[in-house]
Amino acid sequence: MLRVETRQIAYLQFDQLAGQTGLRHGLSLRHRPDGREPAGDPCALFCAALGLEAAGLARHRQVHADRVAVVATAGQDVGEADGLCTDRPGIPLMLMGADCPLLIVYDPQTRALGLAHAGWRGTIQQIAIRLVETLIATYGVNGHFLLAGIGPAICRNCYEVGPEVKEQAEAQGLDIQDLFCRPPTAGPAANEGASDRWHFDLIEANRRQLCQAGIPADRIETSGLCTFERPDLLPSYRRDGNRAGRWILLAGLAAT
C-alpha cells in the first residue's frame, strides 16, 4: 500500500487503485504526519485531501447486514446499508470500521465503484458477493476487469469468536475450509471439545468471496495490516473497547 501525507492528515491507498485516474480513494490513519490527532472534521479534511466534495457524501447507517444500496444523487440517504455503489462522478462514498474489513471494488471500464463493510455477520451473509452482483446487475460490469482492495482488519490470530459464528457460517453454506481454527494457546484439550472458541479469518473469507464473484485473484489487494496489532495506525474495538475510534474508507469517481 502507498502512504500519502498532507499537512493535516495521513492516509493509505491500494497500489493498483492508486494508478486509476478516474478514481479517488483513501484509507484514513489515526494520526497526522506529526503524530497528533487531526484538527477539525476528519471527514471534511479527508474529502478535501482527495479532491471530493464533503457536501455530496452519501448517507447511510451501517447495521452489519448484506444490503447494498445504489447511490444516484449527491447527499442521498439510502437508509440501512453496509454496501454502497455508484457510477456518478462527484458522489463520495464512505464507510467506517474498527476491526471489520472494508472492501472497495472498481471497474475501470464502466467507471463504477462499490464499497462494503464486512463484519462477521456481513461476511457470513456474503456481502462481498452481493456487492459484485449489484455492480454487474446495475452497471453491466465484467467481473474479470474489476479491481478490488480489502482494507485493514483484525487478523485471524487476534480474532476469537464463539461457536455461534462458526455454526451460522456453516448454516449459510459458507466455504469455511481453513477459515476457522482453534486458538493456538488452547492446547490439545480444546480439540477434544473442552473449548468452544474459534479464530475466524475475515480477510481470507472476503478475498475468497471476491474471487467467487469473478474477480481474478491477482486483481485483489489486501492491506496486510491488523487493526488489533497496530495501535500506532488504526483503531480497534477489540483492543480499545468503547474508546476506539473508527477508520474511514473514502472513495469517489473523478469528474470527467
Asker: Within a strict 4.5 Å, meaning less than it, do heavy atoms of the Tyr106 and Leu253 side chains meet?
Answerer: yes
Asker: Determine whether Tyr139 and Phe145 fall in the same hydrophobic cluster, where Ile, Leu, Val, Met, Phe, Trp and Tyr are linked whenever their side-chain heavy atoms lie under 4.5 Å apart.
Answerer: no
Asker: Using side chain to side chain donor-acceptor pair (under 3.5 Å) as the criterion, point out the one residue from Thr123, Asp201, Thr222 that pairs with Asn206.
Answerer: Thr123
Asker: More than 12 non-hydrogen atoms from neighbouring residues, nucleotides or ligands closer than 6.0 Å to CD on Gln16, yes or no?
Answerer: yes
Asker: Restricting to salt bridge (charged side-chain N to carboxylate O under 4.0 Å, His left out), what partner residues turn up for Asp66, sequence neighbours left out?
Answerer: Arg130
Asker: Stepwise, does the side-chain contact (heavy atoms from CB on, under 4.5 Å) test hold for Cys100 with Leu202?
Answerer: CA-CA 8 Å; Cys100 304; Leu202 285 172; 5.6 Å; no
Asker: Can you tell me how far SG of Cys47 sits from CG of Leu250, rounded to the nearest 0.5 angstrom?
Answerer: 4.5 Å
Asker: Indicate the ring-plane relationship of Phe180 and Phe200, choosing parallel, tilted or perpendicular according to the 30° and 60° boundaries.
Answerer: parallel
Asker: Do Val71 and Cys85 have side-chain heavy atoms sitting under 4.5 Å apart?
Answerer: no
Asker: Identify whether the distance between the nearest side-chain nitrogen and carboxylate oxygen of Arg61 and Glu80 falls below 4.0 Å.
Answerer: no
Asker: Taking the side chain as C-beta and beyond, is there a heavy-atom pair between Leu210 and Arg219 under 4.5 Å?
Answerer: no
Asker: Looking at Arg208, Lys166, His199, Arg156, which one forms a side chain to side chain contact (heavy atoms under 4.5 Å, CB included) with Leu179?
Answerer: Arg208
Asker: Looking at Val141, Asn142, Asp87, which one forms a side chain to side chain contact (heavy atoms under 4.5 Å, CB included) with Leu135?
Answerer: Val141
Asker: Heavy atoms, side chains only, cut-off 4.5 Å: are Ile220 and Ile150 in contact?
Answerer: yes
Asker: Out of curiosity, does Ile127 fall in the hydrophobic cluster containing Val161 (side-chain heavy atoms, cut-off under 4.5 Å, transitive links)?
Answerer: no
Asker: Under a 4.5 Å cut-off applied to non-hydrogen side-chain atoms, are Pro152 and Cys226 in contact?
Answerer: no
Asker: Cluster question for you: counting only ILVMFWY and a side-chain heavy-atom cut-off of under 4.5 Å, with indirect links fine, are Leu113 and Leu146 together?
Answerer: no
Asker: Do Leu84 and Leu147 belong together in a cluster built from hydrophobic side chains that touch within less than 4.5 Å?
Answerer: yes
Asker: So, do Met1 and Glu221 sit near enough that their side-chain heavy atoms are less than 4.5 Å apart?
Answerer: yes
Asker: Given the rule in the side-chain contact (heavy atoms from CB on, under 4.5 Å) test, do Ile248 and Leu95 qualify, once you have shown the distances and angles that lead to the verdict?
Answerer: CA-CA 6 Å; Ile248 295 170; Leu95 295 175; over 6 Å; no
Asker: Output all residues satisfying salt bridge (charged side-chain N to carboxylate O under 4.0 Å, His left out) with Arg230, sequence neighbours left out; order by chain, then residue number.
Answerer: Asp232
Asker: Within 45 degrees of the ring normal and closer than 6.0 Å to the centroid, is that where the cationic atom of Arg30 sits relative to Trp247?
Answerer: no
Asker: Just verifying a value: how many Å separate His25 NE2 and Leu249 CG, rounded to the nearest 0.5 Å?
Answerer: 8.0 Å
Asker: Please examine the side chains of Leu103 and Leu115, heavy atoms only from C-beta on, and report whether any two atoms are closer than 4.5 Å.
Answerer: no
Asker: Is any side-chain heavy atom of Cys158 closer than 4.5 Å to one of Arg238?
Answerer: no
Asker: Taking a hydrophobic cluster as the set of Ile, Leu, Val, Met, Phe, Trp and Tyr residues connected by side-chain heavy atoms closer than 4.5 Å, whether directly or through intermediates, do Ile203 and Trp120 fall within one such cluster?
Answerer: no
